[in-house]
Amino acid sequence: MSLKEYKEKRDFHKTKEPAGKAIKHKGAKMFVVQKHHASHLHYDFRLELDGVLKSWAVPKGPSLNPKDKRLAVEVEDHPIDYATFEGEIPKGEYGGGHVIVWDKGEWIPPKNVDEQLKKGHLEFELHGEKLGGAWLLLRTRIPGAKKNNWLLIKRDDENASAKDITKEDKSVLSGVSMEELEAEMENPRPVKKTAKKSALKIKPQKKTKFLTFKDLKGPELAMLSETPPVGEEWIHEIKYDGYRTLCFKNKKETKLLTRSGLDWSNKYLEIQKECAEIAAESIIFDGEIVWLDEKGRSRFEGLQNSLEAHDSSELVYYVFDLLYLNGFDTRNLPLKDRKKLLREVLEQSDSEKILFSEHWDESGKSVFESACESHLEGIVSKNGESHYHSGRNKNWIKIKCTNIQEFIIGGYTMQENNISLGALLMGAYNKKGKLQYIGKVGTGFDAKTSKSLVSKLKKIKSKESPFDEKSPASKASIWVNPILVGNIEFGAWTGDKILRHAAFKGLREDKKAKEVYLEEVKIKKESVKEITKESKSEEVKLSHPDKIIYPGDKITKQDLSNYYTSINKWILPLVKDRPLALLRCPNGEGKECFFQKHIETDDMGILGKKVESKLKNKKEEIVYIDSQMGLQELVQLGTLEIHSRGCRVDEIDYPNQIVFDFDPDEGVKFEKVKEAAFALKEILERLKLKSFIKVSGGKGLHVHVPIAPKYDWEQIKSFSKSICDQMEREHPEKFTTNMSKSKRKGKIFLDYLRNGYGASAIVPYSVRAREHAPVALPITWAEAKKLKNANSYTLKSVPKLLNNRKDPWAGYNKLSQKIKILDQYKSLSA
DNA sequence: GTCCATC
DNA sequence: GATGGACAACGCTCA
DNA sequence: TGAGCG
């Protein structure tokens, strides 16, 4: 989409003038609100109408980028456009201009929304375009709320609500069927996911105009890995050693382009001719042009020789992807389907030079091994379900048998005779964008290539070293502009990131030096699982060790990491192998946080597991840890609170601990909370159950009861409910089991709901995301007697306290208590 | 913090 | 490259 | 039935 089209689409309500009418609202004020994002700072707007804070000003409007300083607001009598500010835009108020709002486009707020808005706690998005402008579809979200709400408002009736839409109204919903709309309101989902789900089936639905290389934004590229990925979704292809080439054919012309978009049709005349003859009106291929040796292996040297001789007769084009066919953009098809289509097309054409790149869907490991045995360069494993995405991503993974990589020539030395080339000084761009020296290459070129190299290098001589640092400064070094790219085969990397046993294999004329960077080896988790079991000592890198995550006490991420390291042996037995729920606050305590129960990581310490609840009849993906490393990785992810379920990952239907949470209302004396805990202790003792107590790190206390995993969640929940009910009956003035705030005045809320399927509670020894980093610390009942409050054990004080401490929860994990009354009930009902 | 999508 | 969104889930209770 | 609450 061009910028113009994008703007038109975004500003549809300005250009289309739909049922409602745009008016200028005189009393409007704009507020610029600074918002922190994990990786960047940006701004949002709020709009005040007649003194009432109404909304974000511009639906999906542009944010203010401190660099471009635009603001989508009409200023004075200028036409609606972006106002451009000079200099820094301060946080604050922007009044005096006009802000465009709809006359009847205001939504009917649900209860409390006005208040939420005043606090700035509500955001909404306008989805009017979907409904042709006659209606407003708003997605509202209250941070922390469980779901989005969709509000549909008819413009000409202020009191219209979503329910009032009749079948007749369908006509104005331009393009949106009633069913779709109902489905959307019923089951709201983020807009972008909608787009994802509407993936084309094998037959593309809509004709699109022919794509250009620019539309494509370049070919899809593979990530480097040391081992092939594991999983049925992966298919595996031979990795070719040639030039990546895209073929664009339409009625007018047939072009062969390099990966950077250069037209090399003339260099591959024979192939270009054959492509032109393909029996399709328009087509885009992605593949590799190679030269094959007598054994059918692609050899880069052969390709180079052919090109230098301007003879493409010996080259073939292995096509492995189809991006466009006869008017249809096929990039959104799953790879498997694209290759099916591609195979059909190529079978029809019967060309000897344009070949279908076969794939195998057996285990990646065996494909990789046989590829290496046949002295091929390696394999490329691709996710068969993935769409075609430009750029490097994890859907394509390359695994190499030998180490051949492209690097940049940053300089060279001559042999002593000063006639022939001594060594090439190689480099690659690192993450910082600097050219990093990676060693010299003094072999692999014969007299002829040496000569041609020298003549090429002389032309690009430069006075200064192009290398960042660590550069091989010596009198003999001759620097060059770092624009030539060479193919280098090497044995291994040294610890200092220098090549060992490197040999020159030829220049890569299709690659720009800017594209050559140090590739990080991305290893898929599945393929290294066996390794991780043995190499648990691996350390976890903290991305920002000095980042302050508890601003009140200047506690850094490193401090948190150190905390868990020092109390590792205390927390691990209580947290390992339990399904987790994490409270993550990447920007620290007091900043925006979110809960998370499912994570995909490539990290090795955070484990995922597919579990199935037989009793709940549902499958889910859970996260757990079983090592110190896992704990460290949680820290790295910005986890401030670790919560767990009361069960083990392999028995999710049967909890092995019960948790009672005593949560006092504002103003309740802590003594009372202690009394409650001790009252519970007594009840439990009467039931012959041993219990353990911990401070919550907040205001309350938690009592844990380890049990045998033989009762299901329903049993445990009703058991704990009955106990809490009993306490409430005995002392209704002290306790309540009712969570509602109004009925909690001056009482302690007995929360038995931690004991339900999927519910979780704070893990003992976890820190809390509150000021001073309090810890949910296990204590003895004797200590509880003297306790003054529940939040004075902190990240700073706990490690010292634990020194030489006798485990207050000794035997917790070994205790497998039975609950008699449940057993009795069971035998009764049986 | 990380991934991803959209521009 | 800049920007922005998602990242849980479920039962209870009250209006 | 939806919102608020853990």
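Predicted model, so just to flag it, every value in this text is computed and none were measured. Note on naming: letters A, B, ... go to the chains in the order of the sequence lines (proteins, then strands), and numbering restarts at 1 for each one.
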Does a nitrogen or oxygen in the side chain of [X] sit under 4.0 Å from OP1 or OP2 of [N]?
X         : N      : result
Arg584(A) : dT2(B) : no
Asn587(A) : dG1(B) : no
Gln636(A) : dT2(B) : yes
His544(A) : dG1(B) : yes
Ser740(A) : dC5(D) : no
Lys547(A) : dG1(B) : yes

Kindly point out which of [options] is positioned nearest to the side chain of [X]?
X         : options                  : answer
Asp663(A) : dG1(B), dG6(D), dC12(C)  : dG6(D)
Gln596(A) : dC12(C), dC5(D), dC7(C)  : dC7(C)
Lys717(A) : dC12(C), dC3(B), dG1(B)  : dC12(C)
Phe594(A) : dA8(C), dC12(C), dC7(C)  : dC7(C)
Ser543(A) : dC7(B), dT2(B), dG6(D)   : dT2(B)
Met739(A) : dG1(B), dG6(D), dC12(C)  : dC12(C)
Asn738(A) : dG11(C), dC7(B), dT13(C) : dT13(C)
His389(A) : dC7(C), dA5(B), dT13(C)  : dA5(B)
Lys743(A) : dC14(C), dG1(B), dG11(C) : dC14(C)
Lys616(A) : dG11(C), dT2(B), dA8(C)  : dG11(C)

Protein-nucleotide distance ([X], atom [atom1]; [N], atom [atom2]), rounded to Å:
X         : N       : atom1 : atom2 : result
Ile642(A) : dA8(C)  : CD1   : C1'   : 17 Å
Asp725(A) : dT13(C) : CG    : C1'   : 14 Å
His598(A) : dC3(B)  : NE2   : C1'   : 16 Å
Leu637(A) : dT2(B)  : CG    : P     : 6 Å
Phe749(A) : dG4(D)  : CZ    : C1'   : 12 Å
Arg754(A) : dC5(D)  : CZ    : C1'   : 10 Å
Asp661(A) : dC5(D)  : CG    : P     : 17 Å
Asn755(A) : dG6(D)  : CG    : P     : 17 Å

Quiz item: Who passes side chain to side chain contact (heavy atoms under 4.5 Å, CB included) against Ala581(A), sequence neighbours left out?
Solution: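 With sequence neighbours excluded, Ala581(A) shows a side chain to side chain contact (heavy atoms under 4.5 Å, CB included) to Phe595(A), Lys597(A), His643(A), Ser760(A), given in chain and number order.
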Exercise. Verify, without hydrogens or angle tests, whether Lys547(A) (side chain) and Pro586(A) (backbone) share a donor-acceptor contact under 3.5 angstrom.
Key: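 Side chain of Lys547(A) to backbone of Pro586(A): a pair is present.
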Exercise. With sequence neighbours left out, write down each residue that passes side chain to side chain donor-acceptor pair (under 3.5 Å) with Lys557(A), or none if nothing qualifies.
Key: Ser543(A), Gln636(A)
Quiz item: Using a cut-off of 4.0 Å on non-hydrogen atoms, how would the nucleic acid contact of Lys557(A) be classed: base, sugar-phosphate, or nothing?
Solution: sugar-phosphate
Quiz item: What is the nucleic acid contact for Arg744(A), judged by heavy atoms within less than 4.0 Å: base, sugar-phosphate only, or nothing?
Solution: sugar-phosphate
Quiz item: Mind checking the C1' distance from dG1(B) to dG11(C)? Whole angstroms is fine.
Solution: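 Their C1' atoms lie roughly 31 Å apart.
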Self-check item: Distance between P atoms of dA8(C) and dC5(D) (Å, rounded)
Solution: 22 Å
Self-check item: Lys NZ or Arg CZ of Arg645(A) over Tyr757(A) ring: under 6.0 Å, within 45°
Solution: yes
Quiz item: Any chance NZ of Lys672(A) has more than 12 other-residue heavy atoms, nucleotides or ligands included, within less than 6.0 Å?
Solution: no
Quiz item: Quick one: CD on Glu612(A) to CD on Glu620(A), what's the gap to the nearest 0.5 Å?
Solution: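 It comes to 10.5 Å.
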Quiz item: Among Asp559(A), Thr556(A), Val767(A), which residue meets the side-chain contact (heavy atoms from CB on, under 4.5 Å) test with Tyr550(A)?
Solution: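 Option passing the side-chain contact (heavy atoms from CB on, under 4.5 Å) with Tyr550(A): Val767(A).
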Self-check item: Tyr757(A) or Lys721(A), whichever maps to the more 5' nucleotide of DNA chain C
Solution: Tyr757(A)
